[in-house]
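Just the heavy atoms: all of them, side chains too, but no hydrogens, waters or symmetry mates, feed the values below. Counting from 1, the numbers follow the sequence of the chain as shown.
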Amino acid sequence: MSVPKIISREFSQIITRSQWMQLYTTVFSVMGFVIILYASTQMPTDWVYMIGFAMIAAAAELMRVELFASSRFSSVSVSGIVAMASLLAFGPLAGVLIHTISGLTITLSASLGPQAAARGGRASVLRRSSFNIGMWAVSSALAGLLYMKMGGTIGHISYASNIIPFVCAAGVDVLVNLIILTGVIAIQTGRNPLKIWQQDFLWTLPILLLGSLLGGAGLALAYEKIGMLGVAVFCLPVLTTSYAFQLYANNMRGYVSKLEEANTALDKINTELLETLGVVIDADDMYTAGHSAQVAIYTEALVQKMGLPKNEQDMIVKAALIHDVGKIGIPDSIMSKPGPLTKEEYEQLKRHSVIGAEIISRMHGLQEMVPLVRHHHERWDGRGYPDGLHNTEIPLGARILAVADTLDAMCSDRPYRPTCSFEEVQREMDRCAGVQFDPVVIRAFQAMAKEKGPEFFRNSALAVDSHMEPGESSPRNDHAVLRYLKRSMLPTVNNGSVQITVPVHVSTAYKPTESVTVNATQI
């Protein structure tokens, strides 16, 4: 498949996802509106008491507790219990009306509150609320319909014949609600629905079901035996506990927020340390100065294009910063050799990935990067090193690093050749897909190249001066060259006045390599 077709397909997927999101939420909003209209024509004779139930449900929603600030779907309230109790006490569609009134209360509170701006404005709040009310209406209506079809009776909660219908109705109410939520999250994020269900909702299912059964039946029974006084006695401790828990959660959220800020700062420091280590590694050779940083830039673009989870993206990018750490164990005569290596020298150079993995394995917290550092020179066809892994035996992160590493090598000057052109790089990467590189990663590279253009791909060998970004094409002076020259690259001297010649590329164009003569005592 050509690069333009890949880009077109991915853009179409984005458009389709947005359209599906609007269609999905609109369908349930409209369905809910129709159900609510019908339910409003089926009001029970004791509708005043049902309004009392609705007010309790609204109060419960106002005291909804958010468990995790990072998730919009991790909050709990007892309004669903009130809705299930109303089904038993007032009729199959009573839960619909309970949810409608409580939902409208929450909508009004959210649209007028200060949090409306943070959530995208009042229009966004209204759209989200209409979907939520529609979702609740659909699940409550299906639960009520099933309860009646299975022979459940209204107003006689204590009848044994109502147990099975009520258990089934509660199960349908919870399941339908969670399934609809799973669908909207899947469309919005592109995540696998099964994984969403397993990670976000599977653990809540038994809790919600048990709460609906025990709480709903208990509240309805209290109303049947004592009336609204029984409802008040039943709900007051529940609502009071919810309010206390909400205060506690709000206070804890402040502490958690500070802890997250501290963790973020620590993670930034760790990343900066890895970046510094990468700079030290690259400083061994003027031609690889900036290499690790540029490989990390390409890696970040690739993992984003591939849509990997954020934590996996961060880990692979950090591995890119230190992927060549093992080169510190390779003799300088090999690392600094201006021409092709002999077979023996190449065999020694190949040890750098194993040495790097051994170094990283000693660092607590970097264990997951060890396979990536060890295997970033493996090939898709199994002819790489150090272990000759092939195909998907190679860790995905290592396959990505292999592409990013080669990409920077091709885009940058080396002692034995100048940089390749943008077109040459694309052709070579395409040619090596399925041979040296994972075809999936190459497709991501080609899509990335089409999107970002030639200016994104830089000659990192030009970034010798520490004040220059990788690939920045500013004129370089003698001091910029000398800053990264190692003493071990120089001949042995007695008086510190030996003259040496160092090659210096003046641009990324294909021009003859110039030379600059410097004094060893300047280094």
### Message
With no hydrogens and no angle check, just 3.5 Å: does a side-chain donor-acceptor pair link Asp405 and His291?
### Response
yes
### Message
Please evaluate residues Gln313 and Glu300 with respect to the criterion side chain to side chain contact (heavy atoms under 4.5 Å, CB included), reporting the C-alpha separation (whole Å), side-chain torsions for both, the decisive distance (0.1 Å), and the verdict.
### Response
CA-CA 7 Å; Gln313 289 186 25; Glu300 184 175 31; 5.7 Å; no
### Query
If you round to the nearest 0.5 Å, how far is CE of Met429 from OG1 of Thr406?
5.5 Å
### Tyr49, OH: over 12 other non-hydrogen atoms inside 6.0 angstrom
no
### Query
Which heavy atom of Lys305 sits nearest a heavy atom of Ala447, and at what distance?
CD-CB, 4.1 Å
## Note on the structure
Distance col, row Ile101:CD1 vs Met55:CE, nearest 0.5 angstrom, shows 5.0 Å
### Query
In terms of side-chain geometry, is the basic nitrogen of Lys318 or Asp314 positioned less than 4.0 Å from the acidic oxygen of its partner?
no
### Task
With the side chain counted from C-beta on, respond yes when Met410 and Glu428 share a heavy-atom pair under 4.5 Å apart, and no when they do not.
yes
### Task
Using a 4.5 Å cut-off on heavy atoms from C-beta on, say whether the side chain of Pro92 contacts that of Leu145.
no
### Task
Walk me through it: do Tyr223 and Phe53 pass the test ring pair (Phe, Tyr, Trp, His ring centres under 6.0 Å)?
CA-CA 10 Å; Tyr223 174 72; Phe53 269 61; 5.4 Å; yes
#### Entry: side chain to side chain contact (heavy atoms under 4.5 Å, CB included) evaluation trace for Met43 with Leu97
CA-CA 9 Å; Met43 293 286 285; Leu97 298 174; 3.3 Å; yes
### Summary
Distance col, row Ser140:OG vs Ile36:CD1, nearest 0.5 angstrom, shows 9.5 Å
### Message
Tell me whether Leu202 at atom CG has more than 12 heavy atoms from other residues, nucleotides or ligands lying less than 6.0 Å away.
### Response
yes
#### Entry: Under-4.0 Å salt bridge between Arg399 and Glu378
no
### Task
Please step through side chain to side chain contact (heavy atoms under 4.5 Å, CB included) for the pair Cys432 and Ile442, ending with a clear verdict.
CA-CA 9 Å; Cys432 293; Ile442 294 300; over 6 Å; no
### Task
With the side chain counted from C-beta on, respond yes when Ile154 and Tyr147 share a heavy-atom pair under 4.5 Å apart, and no when they do not.
yes
### Summary
All heavy atoms of Tyr298 vs all of Arg458, minimum pair found to be OH-N, 3.0 Å
### Residues Ile360, Ile322; criterion side chain to side chain contact (heavy atoms under 4.5 Å, CB included); working and verdict
CA-CA 9 Å; Ile360 298 303; Ile322 55 173; 3.3 Å; yes
### Query
Within the distance-only criterion (no hydrogens, no angle test), does the side chain of Ser40 pair as donor or acceptor with the backbone N or O of Leu37 below 3.5 angstrom?
yes
### Task
For the residue pair Phe422 and Phe457, categorise the inter-ring angle as parallel (less than 30°), tilted (30 to 60°) or perpendicular (more than 60°).
tilted
## Note on the structure
Distance col, row Leu302:CG vs Leu407:CG, nearest 0.5 angstrom, shows 7.5 Å
### Message
With heavy-atom distances below 4.5 Å as the criterion, would you say the side chains of Phe166 and Met84 are in contact?
### Response
yes
#### Entry: Residue that, paired with Ile180, satisfies side-chain contact (heavy atoms from CB on, under 4.5 Å) out of Val176, Val184, Thr182, Asn177
Val176
### Query
Do His99 side-chain atoms and Val96 backbone N/O form a donor-acceptor pair below 3.5 Å?
no
### Task
Could you pull out all residues at least two apart from Ala398 that satisfy side chain to side chain contact (heavy atoms under 4.5 Å, CB included)?
His375, Ile394, Pro395
#### Entry: Heavy-atom closest pair, residues Ser86 and Ala94
O-CB, 3.5 Å
### Query
Which value, rounded to the nearest 0.5 Å, describes the distance between Arg379 atom CZ and Asn391 atom CG?
13.5 Å
### Query
Under a 4.5 Å cut-off applied to non-hydrogen side-chain atoms, are Ile297 and Phe456 in contact?
yes
### Message
Ignoring hydrogens, what is the shortest heavy-atom contact between Ala320 and Thr299? Give both atom names and the distance.
### Response
CB-OG1, 3.6 Å
### Message
Counting C-beta onward and ignoring hydrogens, is there a side-chain heavy-atom pair between Thr392 and Trp380 closer than 4.5 Å?
### Response
yes
#### Entry: Closest non-hydrogen atom pair between Asn162 and Gly152, with its separation
OD1-CA, 3.4 Å
### Query
What class does the angle between the rings of Phe131 and Tyr24 fall in, given that below 30° is parallel, 30 to 60° is tilted and above 60° is perpendicular?
tilted
### Message
Test your reading of the model: is there a side-chain donor-acceptor pair from Thr25 to the backbone of Gln22, 3.5 Å cut-off?
### Response
yes
### Query
Can you check whether Met21's main-chain N or O pairs, donor with acceptor, with Gln188's side chain at less than 3.5 Å?
no
#### Entry: Gln367 (side chain) donor-acceptor with Ser361 (main chain) under 3.5 angstrom
yes
### Query
What is the distance from atom CD1 of Ile81 to atom CG of Leu208, rounded to the nearest 0.5 Å?
9.0 Å
#### Entry: Asp173 to Ser139 - nearest heavy-atom pair and separation
OD1-OG, 3.2 Å
### Query
Is there side-chain contact between Thr41 and Tyr38, with at least one heavy-atom pair below 4.5 Å?
yes
### Query
Does some side-chain heavy atom of Thr100 sit less than 4.5 Å from a side-chain heavy atom of Phe33?
no
